[in-house]
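Please read the structure below before turning to the comments.
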Amino acid sequence: MKKRLLAAAVAAMITLSAASVFAAPAVETNGDIKLHYRWNTSDIPADDDKEGGKFWLRLNVKAQLDDKTDAYLRFAYQKLTGDYVGADFNQEYPNYDKDSATSLDRFGIVYKDKGWTYNVGRQGATIGGVATLFSTEGYMGIRMGAVEGVSITGKSGSTDIKFIGGRLWDDRSANKDKIYALQASYSPAKDLTVGAIVGKYNYADASKDDTNHWAVNTAYTVGKATYLAEYAKSDADKNDTAYVFGATYAFDKKNSAYAFYSRVEANGDMGGWTDFDNNQKGLYLGYDHALDKDTTFSLFYKDMTYISGDKKDKDNTSFRTTVTYKF
């Protein structure tokens, strides 16, 4: 009897051990849905005045491989209406329609250890205190600035460190630009943050010169307001400067607003991927209202002027409304 009980116990232990080894990893999903409409005006005859709507779904999936390692991927779908304006995907990519795109556009591995996070894979990226230099988090699909590479974030003493390096996701071999950036930020006082960035943008197109970049930024909070500014410069022969300054204000837990002025010259950011408008200057105004803990209603308006080139001194505006539901 004892031998049979011992054999049963051993068999149970083996079964439980095998189950723990081969058990499916814990999977989490989240994402958002955006309903959007915009009205654009332009002094450029080819652009005319246009308007249109947008439906956007982004679904994130994360699987925990072990205590320190996660795998992730993202599915994105966008559909345009009206004049098909405001696409966050590349409308020239042959596998997409002019008015819609579907893409599995993010995937990789995240490893965390001793306060540092390592992300290896295809990912969006933001460089700069207010994303003056480079930002592709708000886009989807191929040819839209996703970085295939590595990002590292962590803290060294009292300084926050971030590095990103890799090539831009593109199906055309001649268009695989590369980007590298290292940024650091430090808080000398409770409500003050200062930062600096160095970076390099390598063009796959041999007719374009690679550019080196540096930037400084700051953020200061007083009461309900936060004031932000960033200044960037490259080693291009001309049109090599970018700067942004402005403020955000939280009226209460549900209502907030922001105002920014930007001037980003053609070679002032990294590859034209600024979160503002490349080769333009002007004003951005925005307002957000939380309808509930998961839903936000947003208004946005910008009034911009081209700085150089064939469109110099031409104006354009955009007024936008968006409802975002996070799940």
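Since we're looking at a predicted model, the values are computed, not measured.
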Before giving the answer on side-chain contact (heavy atoms from CB on, under 4.5 Å), spell out for Tyr37 and Glu51 the whole-Å C-alpha distance, their side-chain angles and the decisive distance to 0.1 Å.
CA-CA 7 Å; Tyr37 204 89; Glu51 63 179 85; 2.7 Å; yes

Within the supplied structure, the quantity of interest is the number of heavy atoms (other residues, nucleotides, ligands) at a distance under 6.0 Å from [X] [atom1]; does it exceed 12?
{"X": "Tyr231", "atom1": "OH", "value": "yes"}
{"X": "Asp310", "atom1": "CG", "value": "no"}
{"X": "Lys314", "atom1": "NZ", "value": "no"}
{"X": "Lys155", "atom1": "NZ", "value": "yes"}
{"X": "Asp237", "atom1": "CG", "value": "no"}

Under a single-linkage rule joining Ile, Leu, Val, Met, Phe, Trp and Tyr whose side-chain heavy atoms are separated by less than 4.5 Å, which residues share a cluster with Ile127?
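Result for Ile127 is Leu133, Phe134, Tyr139, Met144, Val147, Ile164, Leu168, Ile179, Ile197, Tyr201, Tyr203, Met270, Trp273.
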
To which residues is Leu65 joined in a hydrophobic cluster, defined by side-chain heavy-atom contacts under 4.5 Å among Ile, Leu, Val, Met, Phe, Trp and Tyr, whether direct or through other members?
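Its cluster mates, by chain and number, are Ile109.
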
Look at the side-chain heavy atoms of Ile, Leu, Val, Met, Phe, Trp and Tyr, link any pair under 4.5 Å apart, and say whether Leu228 and Val216 land in one connected group.
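Cluster IDs for Leu228 and Val216 differ.
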
Side-chain heavy atoms of [X] within contact of [Y], under 4.5 Å:
{"X": "Tyr261", "Y": "Val244", "answer": "no"}
{"X": "Thr226", "Y": "Tyr220", "answer": "no"}
{"X": "Val110", "Y": "Thr69", "answer": "no"}
{"X": "Lys162", "Y": "Ile152", "answer": "no"}
{"X": "Leu73", "Y": "Leu104", "answer": "yes"}

Verdict with reasoning, Asn119 to Tyr72, per side-chain contact (heavy atoms from CB on, under 4.5 Å):
CA-CA 10 Å; Asn119 185 341; Tyr72 69 89; 2.8 Å; yes

Do the side-chain N and O atoms of Thr132 and Asp269 include a donor-acceptor pair separated by under 3.5 angstrom?
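No donor-acceptor contact under 3.5 Å links the two side chains.
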
If only side-chain N and O atoms count, and only distance matters, is there a donor-acceptor pair under 3.5 Å linking Asn217 with Glu230?
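Yes, side-chain donor-acceptor contact under 3.5 Å.
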
Please test Phe319 against Thr41 for side-chain contact (heavy atoms from CB on, under 4.5 Å), starting from the C-alpha separation and ending with a verdict.
CA-CA 9 Å; Phe319 177 67; Thr41 70; over 6 Å; no

Output every pair passing ring pair (Phe, Tyr, Trp, His ring centres under 6.0 Å) with a member in residues 98-120, not counting sequence neighbours, ordered by first then second residue.
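Pairs touching residues 98-120 that pass the test: none.
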
